[in-house]
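All values below come from the heavy atoms of this structure, side chains included, with hydrogens, waters and symmetry mates left out. Everything quoted here is computed from the prediction, not taken from an experiment. In what follows, every chain begins at residue 1, and chains take the letters A, B, ... in the order their sequences are listed.
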Amino acid sequence: MADFLSDLDRLKALAAGAKKAPPLKSGDVRRRIRGRRPLPLLEEEPPPLRLIGGMGLAAALAACLVLLFSFQAWRDLANPLAMLSALPDIASFLGA
Amino acid sequence: MEDADAADRLDVEKTLAGDHEAFSRLVERHGQAIHQRMRGFSRDESTGEELAQDVFVEAFAGLASYRGDAPFRNWLARIATFVGYKYWREREKRKKEIPLPEGWDPPAAAGAEPEPGDPEAAADLLHALLAALPEKDRLLLTLAYVQDCSTGEIAEQLGVSRALVPMRVFKAKLKLRRLAGREPWKGKIKWLIS
């Protein structure tokens with residue numbers, strides 16, 4: 001193992017002699033900066049907040065209505081006697 | 001070093017005020033070091049250069065977030081680590097999406113046989129050896145073993161506690177040694193350093 005450790009270290013020492021990277025050209029970097037695609041969050045138009053707010057409100061209202069109706073339906077199903085007792089009232093209302 | 005740090009801070013301020021020449025000076029001052037660092041993430045020359053440019057493009061875009069409480073080169077090194085790691089992840093993702101045909105060899109391995117004692121071949125082999133490790137171990141060893149970063153620098157660049165770094169590096173080194181002790185790596189290393 002000890003012999004092998006030195007092999008790895010010798011490989012690392014040998015690799016350190018590999019040619020170094022050349023300096024970076026600032027002109028190339030500047031061209032890249034100019035050609036950079038704008039980040040959507042930074043440079044595009046902000047999303048229409050009012051529309052999003054309105055849609056959110058409508059969705060919440062719809063969810064409330066669905067919940068309310070499902071609760072009502074559940075109550076009616078759970079209590080069929082109440083439904084039956086309401087029938088005469090409905091019949092008289094309809095003029096039967 | 002303090003003079004260089006002060007010059008960096010001044011150039012950052014000037015860049016933020018709209019002086020693009022000041023940013024060019026920052027590129028000239030740190031370009032080679034960053035380029036060298038990015039060679040640790042890719043041994044391909046053009047990819048290394050492109051990654052180094054990416055680091056400066058990202059730095060320019062986020063320059064306003066540089067608070068100046070640490071040297072500019074440390075801030076840049078952090079971006080470099082982020083860019084390099086992102087490159088590895090995207091490369092892995094692409095590899096998964098388009099699987100390589102069986103028996104395919106990476107170009108470096110399929111190229112001409114290197115001579116024993118060739119530093120370029122040694123750097124390529126070390127890079128390939130690290131690439132065979134899990135991504136996080138590879139990143140730690142690229143910073144600690146190849147780029148000789150200190151514990152503090154690694155902790156700062158990875159955003160982890162200083163106390164965690166030595167143990168993780170130690171574990172990653174054990175994995176590297178275990179891997180390098182197996183064939184075909186063992187034979188290649190022996191032959192190259194002979």
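A/S26 and A/D28 are not linked by any side-chain donor-acceptor pair at a separation below 3.5 angstrom, with hydrogens and angles left out of the test.
Interface summary for chain A: among B/H127, B/K173, B/E50, B/M38, the most heavy-atom pairs under 4.5 angstrom belong to B/E50. For chain A, the option among B/G48, B/A33, B/G31, B/A121 with the highest count of heavy-atom pairs below 4.5 Å is B/G31. Annotation: maximal heavy-atom pairing with chain B below 4.5 Å, among A/A15, A/A21, A/G27, occurs at A/A21. Chosen from B/R37, B/H35, B/E45, B/H20, the residue pairing most often with chain A at heavy-atom distances under 4.5 Å is B/H35.
In this structure, B/K175 contributes its side chain and B/D137 its backbone to no donor-acceptor pair below 3.5 Å.
Figure legend: B/K188 and B/W185 shown as a cation-pi pair, the cationic atom lying under 6.0 angstrom from the six-membered ring centre and within 45 degrees of its axis.
B/L10 and B/Y66 fall into different hydrophobic clusters, where Ile, Leu, Val, Met, Phe, Trp and Tyr side chains are chained together by heavy-atom contacts under 4.5 Å.
Looking at B/L26, there are no atoms closer than 4.5 Å to chain A (heavy atoms on both sides), in backbone or side chain.
Evaluation of the salt bridge (charged side-chain N to carboxylate O under 4.0 Å, His left out) rule for B/D11 yields B/R25, B/R29 as partners, not counting sequence neighbours.
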